[in-house]
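Below you'll find the structure, written out as structure tokens, and then a few comments.
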Protein chains: 2
Amino acid sequence: MTLNELKAIQLAELFSALSDANRVRIISTLLEKEMNVSDIAEKTQMSESAVSHQLRGLRQMRLIRGRKSGRQVFYSLDDDHVKKLYLMGLDHVKHG
Amino acid sequence: MTLNELKAIQLAELFSALSDANRVRIISTLLEKEMNVSDIAEKTQMSESAVSHQLRGLRQMRLIRGRKSGRQVFYSLDDDHVKKLYLMGLDHVKHG
DNA sequence: TGAATATATGAACAAGTATTCATATATTAT
DNA sequence: ATAATATATGAATACTTGTTCATATATTCA
């Protein structure tokens with residue numbers, strides 16, 4: 001039952017990926033539908049560069065994935081875990 | 001459906017609380033049963049001071065709660081959300 | 001090929017966070 | 001009251017992380 005060190009680090013990294021309000025807003029935006037970088041930037045009121053940097057971290061943690069189409073990249077949530085983590089967190093914040 | 005700024009910040013703070021390997025190990029330790037500070041320190045191989053500092057943050061996020069008994073304080077997970085968040089994160093890390 | 005557009009990246013600085021050490025508070029026992 | 005034990009806290013330092021600006025890569029169109 002005891003957590004090994006590698007898993008502890010990986011878990012911490014996963015939660016780190018969601019530990020910034022801008023990234024949370026990006027995830028929230030992607031809950032509805034896939035979106036390209038400039039749309040995400042507009043929706044979240046961030047610079048495209050900042051968005052791109054943040055997307056990179058989210059990609060590395062496999063929270064989102066990108067689908068390239070021409071010169072645009074459409075991002076969406078990687079799997080259902082992400083949505084569940086987000087919603088459970090929101091639930092805790094709301095009535096925790 | 002759009003997340004307001006306050007909620008985004010609160011969510012980020014919640015995930016921040018889980019974004020450190022030492023805190024994750026503390027949570028993991030408390031999954032089994034409530035435990036006092038020095039036991040947590042021993043289990044996680046941290047100094048008691050470091051544990052106490054981390055417990056403070058976890059308490060503030062209402063991820064854990066303390067029950068005072070004499071001069072000891074027994075900590076346990078605050079509610080079921082926390083366990084679910086942890087387990088879902090672990091699931092993502094394992095087969096994500 | 002060259003210009004325009006979408007995204008990504010590197011480096012530098014600013015801001016936030018964890019750990020350590022010293023000290024403080026609280027509780028119990030003598 | 002004093003000593004001993006458990007936990008908490010403050011300040012300082014070291015570390016990590018986010019943002020910005022400049023530049024790079026990739027794709028499309030003329």
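So that the names make sense, note that chain A is the first sequence line, chain B the second, and so on, each numbered from 1. Note that the structure is predicted; figures quoted are calculated from it, not measured. Reckoned from all heavy atoms, side chains included, excluding hydrogens, waters and symmetry mates.
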Rounding to a whole Å, what distance do you find between [X]:[atom1] and [N]:[atom2]?
X       : N      : atom1 : atom2 : value
B:Met46 : D:dA8  : CE    : C1'   : 14 Å
A:Asn36 : C:dA8  : CG    : C1'   : 14 Å
B:Gln60 : C:dA18 : CD    : P     : 12 Å
A:Arg65 : C:dT7  : CZ    : C1'   : 19 Å
B:Leu58 : D:dA8  : CG    : P     : 12 Å
A:Gln54 : D:dT20 : CD    : C1'   : 13 Å
A:Ile40 : C:dA6  : CD1   : C1'   : 12 Å
B:Arg67 : D:dT7  : CZ    : P     : 12 Å

Using only atom types and a distance under 3.5 Å, with no angle test, would you say the side chain of [X] pairs donor to acceptor with the backbone of [Y]?
X       : Y       : result
A:Ser16 : A:Ala12 : yes
A:Thr44 : A:Ile40 : yes
B:Ser19 : A:Ser19 : no

Decide yes or no on side-chain contact (heavy atoms from CB on, under 4.5 Å) for B:Phe15 and A:Asp20, but give the supporting numbers first. CA-CA 8 Å; B:Phe15 289 118; A:Asp20 173 89; over 6 Å; no
Tell me which nucleotide among [options] gets nearest to the side chain of [X].
X       : options                : result
B:Tyr75 : C:dA8, D:dA6, D:dA8    : D:dA8
A:Val37 : C:dA8, C:dT19, D:dA8   : C:dA8
B:Arg23 : C:dA18, D:dG18, C:dT19 : C:dA18

Is there a side-chain polar atom (N or O) of A:Gln72 under 4.0 Å from OP1 or OP2 of D:dA26?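 For D:dA26, neither OP1 nor OP2 has a side-chain N or O of A:Gln72 closer than 4.0 Å.
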More than 12 heavy atoms of other residues, nucleotides or ligands under 6.0 Å from NZ of B:Lys7: is that the case? yes
CA sep, side-chain torsions, deciding dist, call: B:Gln72, B:Val37, side-chain contact (heavy atoms from CB on, under 4.5 Å): CA-CA 8 Å; B:Gln72 302 181 82; B:Val37 178; over 6 Å; no
For DNA chain D, the residues among residues 14-22 of chain B that have a non-hydrogen atom under 4.0 Å from it: none
Starting at the 5' end of nucleotides 23-30 of chain C, put B wherever the base has a protein heavy atom under 4.0 Å, S where only the sugar-phosphate does, and a dash everywhere else. ---SBS--
Protein-proximity profile, nucleotides 9-14 of chain D, B/S/- by nucleotide at the 4.0 Å heavy-atom cutoff, equals BB----
Tell me whether B:Ile26 shares a hydrophobic cluster with B:Phe74, the cluster being built from Ile, Leu, Val, Met, Phe, Trp, Tyr side chains joined at under 4.5 Å. no
Please tell me whether A:Ile27 and B:Ile9 are part of a single hydrophobic cluster in this structure, the criterion being side-chain heavy atoms less than 4.5 Å apart. no
Between side-chain atoms of residues 49-58 of chain A and protein atoms elsewhere (two or more places apart, or another chain), which donor-acceptor pairs fall under 3.5 Å?
residue	atom	partner	partner atom	Å
A:Gln54	OE1	A:Arg23	NH1	2.8

In plain terms, say whether A:Arg62 and A:Asp78 are close enough for a salt bridge, that is, a side-chain N and a carboxylate O under 4.0 Å apart.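 No, A:Arg62 and A:Asp78 are not salt-bridged.
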Contacts of type side chain to side chain donor-acceptor pair (under 3.5 Å), residue B:Asn22, not counting sequence neighbours: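 Checked B:Asn22 against side chain to side chain donor-acceptor pair (under 3.5 Å); matches are B:Arg25.
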So, using salt bridge (charged side-chain N to carboxylate O under 4.0 Å, His left out) as the criterion, who are the partners of B:Glu34 when residues are at least two apart? B:Arg67
